[in-house]
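Remember, it's a predicted structure, so these values are computed and weren't measured experimentally.
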Amino acid sequence: MSKTYTTKSGDMWDLIAHEQMGSGRYTHLLLRANASLSDTVVFSDGVKLVIPEVPLAVSATLPPWRLGAG
């Protein structure tokens with residue numbers, strides 16, 4: 001199940017992916033889930049984004065500290 005995130009002024013795609021999904025390498029998944037906003041580079045306050053789940057095959061191979069659990 002996907003969750004949502006409400007941006008803060010200055011947020012950027014890779015930062016959101018890192019903080020919400022555990023790594024900036026998931027930026028492409030975040031962009032795909034929010035395609036209508038893909039032209040945005042720097043967010044203002046209050047934009048609601050869908051945060052997709054990290055694929056299990058990827059997350060199962062990473063140690064917990066790489067997933068943001070630590």
Residue pair Arg25 / His18, side-chain heavy-atom distance below 4.5 Å | no

Inter-residue atom distance [X].[atom1] - [Y].[atom2], 0.5 Å rounding:
X: Tyr5; Y: Ile51; atom1: OH; atom2: CD1; result: 8.0 Å
X: Thr7; Y: Met12; atom1: OG1; atom2: CE; result: 13.0 Å
X: Asp14; Y: Tyr26; atom1: CG; atom2: OH; result: 14.5 Å

Exercise answer: donor-acceptor pairs, residues 41-49 side-chain atoms, under 3.5 Å, sequence neighbours excluded:
unit_1, atom_1, unit_2, atom_2, d
Asp45, OD1, Ser9, N, 2.7
Lys48, NZ, Thr6, OG1, 3.2

Which pairs would a plain distance check flag for residues 29-37, meaning a side-chain donor or acceptor within less than 3.5 Å of a matching protein atom at least two apart in sequence or in another chain?
unit_1, atom_1, unit_2, atom_2, d
Asn34, OD1, Val50, N, 2.8
Asn34, ND2, Leu30, O, 2.9
Asn34, ND2, Val50, O, 2.8

Considering non-hydrogen atoms only, spot the tightest contact between Thr40 and Trp13 and give its length.
-> O-NE1, 2.7 Å

